[in-house]
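Please read the structure below before turning to the comments.
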Amino acid sequence: MVRTRFAPSPTGFLHIGSARTALFSWAFAKHNSGEFILRVEDTDVERSTQESVDSILDAMKWLDLNYDEGPYFQMQRMDRYKEVIQQMLENGTAYYCYCSKEELDKLREEQMANKEKPRYNRKCLNNHNHDTSRKPVVRFKNPTEGSVVWNDLVKGCIEISNSELDDLIIARSDGTPTYNFCVVVDDWDMKITHVTRGDDHVNNTPRQINILQALGAPIPQYAHLPMILRDDGQKMSKRRDPVSVMQYEEMGVLPEALLNYLSRLCWGHGDEEVFSIQQFVEWFNLDNISPSPARFDMKKLFWVNAQHIKAMTNADLLQVLAPRLSKLNLDIDTLDINAILDLVKTRGDNLNVIAQEIAYFYLPQELNPEDVTKHLTDDARKVLSDFAVYVNALTDWSLDAIKALIKEFCAKHNVKMPQLGMSLRLKLCGTTQTPSFDAVIYILGKNNVLDRLAK
RNA sequence: GGCCCGUUCAUCUAGCGGCUAGGAUGCAUGAUUUUCAGUCAUGAAACGGGGGUUCGAUUCCCCCACGGGUCACCA
């Protein structure tokens with residue numbers, strides 16, 4: 001049974017890169033009929049907040065990345081961690097260290113000055129004459145010989161010498177365990193078979209494997225996924241980029257489109273570009289993940305989004321649009337919303353634009369003064385009032401009849417289609433960029449058309 | 001700086017020793033003459049550099065350059 005996990009720390013919203021990691025972990029589990037576990041790594045008491053937990057959970061829900069187990073919270077597993085630390089203390093795979101932060105800082109500085117690798121000098125390993133008034137930390141006794149080797153499912157074989165590692169702290173002086181230790185105990189207890197995570201964790205892996213071995217625990221498989229960078233190759237930044245998943249919701253991106261786009265970063269399946277999440281799960285495997293980082297291309301994301309919007313049924317589209325339409329105070333029942341949707345769903349690459357396209361059918365829009373001077377000249381106004389007479393006289397309110405009417409009008413009044421069209425659009429919709437005006441007239445209905453022309 | 005990882009069009013990618021190096025986004029041009037959008041067609045555009053291995057390297061190996069990650073009582 002394949003078991004993967006997603007383990008965010010609740011120190012902020014769900015990051016777009018984390019979402020990609022979650023997606024791949026989830027898809028790998030689903031593809032293999034396995035289980036996906038959510039675990040909240042909240043051992044950093046200073047920075048973890050309930051608000052962050054909630055926003056991460058909300059984002060996971062929005063993306064519809066469901067977990068089979070959890071969310072587990074590490075802070076609720078303290079007893080277990082302490083039990084394991086006690087065992088390690090007893091069997092000699094861990095030891096108390098009484099060195100103060102100041103001492104350690106000094107040591108580090110000296111080593112850096114001598115161009116040595118900063119690492120703990122094991123002063124407390126066998127020295128028992130320490131200041132017991134101090135609260136000690138617990139250190140893991142890392143092997144000094146040999147190296148740690150694992151076959152990373154994305155990166156291939158990686159080997160790191162134990163001489164690169166030092167005795168890391170697994171419990172702080174206040175007794176709370178640290179990240180690398182909790183991860184190990186959790187992955188073990190939760191029977192995680194495949195650790196899929198960002199490749200910023202590659203350097204933690206040998207430490208974790210060493211602890212796992214000291215514990216006599218099985219070693220899971222590791223798959224380190226490449227980072228997602230900005231379009232200029234820099235790291236994404238909170239200040240400059242939309243990095244929160246929910247910001248994309250605000251920008252009118254569909255969750256399935258975001259997932260589709262994210263899936264194509266560092267992964268591909270032939271020439272496939274636009275596909276459903278179900279299809280993705282069927283295709284997904286770790287072999288096709290490219291080991292190099294990818295850049296986030298906002299334009300392509302929105303193109304993918306447009307493809308998904310276009311492919312939706314009107315009923316589904318209306319449902320996702322509902323909150324936006326009600327915010328605009330549209331009473332959609334007054335017109336044929338289905339016909340409107342048919343016309344506008346190809347006219348935007350996000351839900352906000354689509355909602356605006358719908359809005360001008362229902363509500364008279366304010367006119368841009370530039371458009372007025374350009375298109376609503378005295379001549380144009382005369383043409384429109386003549387046209388209103390024709391509309392008023394039309395008894396058969398069908399699209400074909402309206403088309404015929406327009407043709408007839410243009411011929412008789414010696415007006416070219418675009419001439420009529422632009423001023424008509426402006427008067428009817430408040431903008432010169434609309435779908436075919438015959439269709440707009442048809443949907444609006446005679447009364448609306450005459451009302452708006454009269455204003 | 002040490003260690004680890006990476007490098008195909010501007011961007012996302014296909015390629016897994018022999019191809020006119022394919023697709024997509026974006027860009028440019030044209031068509032659809034009812035605007036914009038959409039759609040369709042066409043076009044420009046890539047194997048970081050240097051050594052090997054081989055009959056033959058984008059593909060395998062080494063070196064260099066560049067990019068990224070990481071070196072906490074953060075995760």
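Naming convention: chains lettered A, B, ... in sequence-line order (proteins, then strands); numbering from 1 in each chain.
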Apply side-chain contact (heavy atoms from CB on, under 4.5 Å) to [X] and list each qualifying residue two or more places apart in sequence or on a separate chain.
| X | value |
| --- | --- |
| A:Glu370 | A:Asn368 |
| A:Tyr360 | A:Arg347, A:Glu357, A:Gln365, A:Cys429, A:Thr431, A:Thr434, A:Pro435 |
| A:Thr205 | A:Trp150, A:Arg197, A:Ile209, A:Tyr222, A:His224 |

Determine all donor-acceptor pairs shorter than 3.5 Å in which one atom belongs to a side chain in residues 403-419 of chain A; sequence neighbours excluded.
residue	atom	partner	partner atom	Å
A:Glu408	OE2	A:Lys412	NZ	3.1
A:Gln419	OE1	A:Lys416	N	3.1

Report summary line: So, with a heavy-atom separation below 4.0 Å from RNA chain B, the residues of residues 143-150 of chain A are none
Report task. Under 4.0 Å from any atom of RNA chain B, heavy atoms only: list the residues of residues 341-349 of chain A that qualify, in numerical order. Result -> A:Thr346, A:Arg347
Report task. List in chain and number order the residues that pass salt bridge (Lys or Arg N to Asp or Glu O under 4.0 Å) with A:Asp241, two or more places apart in sequence or in another chain; answer none if no residue qualifies. Result -> A:Arg230
Query raised in the report: Are A:Phe437 and B:U34 stacked, counting the six-membered base ring, centres under 5.5 Å, planes under 30°?
Result: yes
Report task. Using whole Å, report how far CD1 of A:Ile289 lies from P of B:A14. Result -> 11 Å
Report each atom pair, protein N/O against N/O of nucleotides 66-69 of chain B, whose distance is under 3.5 angstrom.
residue	atom	partner	partner atom	Å
B:G69	N2	A:Asn203	ND2	3.4

Report task. Taking the side chain as every heavy atom from C-beta outward, state whether A:Arg264 and A:Val304 have any atom pair closer than 4.5 Å. Result -> no
Query raised in the report: Given side chains that start at C-beta, do those of A:Tyr261 and A:Asp297 come closer than 4.5 Å, heavy atoms only?
Result: yes
Which atom pairs link the protein and nucleotides 25-30 of chain B when you take only N or O atoms and keep those under 3.5 Å?
residue	atom	partner	partner atom	Å
B:U25	O2'	A:Lys300	N	3.4

Could you tabulate the donor-acceptor pairs under 3.5 Å formed by side-chain atoms of residues 135-146 of chain A, not counting sequence neighbours?
residue	atom	partner	partner atom	Å
A:Arg139	NH1	A:Asp167	O	2.7
A:Asn142	OD1	A:Asn210	ND2	3.1
A:Asn142	ND2	A:Asn162	OD1	3.4

Query - Any residue meeting side-chain hydrogen bond (donor to acceptor under 3.5 Å, both in side chains) with A:Asp336, in chain and number order, not counting sequence neighbours - result: none
Please produce a list of atom pairs where a protein N or O lies less than 3.5 Å from an N or O of nucleotides 18-22 of chain B.
residue	atom	partner	partner atom	Å
B:G22	N2	A:Asp271	OD1	3.4

Requested in this report: Could you check whether A:Arg119 gets within reach of a base, just the sugar-phosphate, or nothing at all, counting any heavy atom under 4.0 Å?
Outcome: nothing
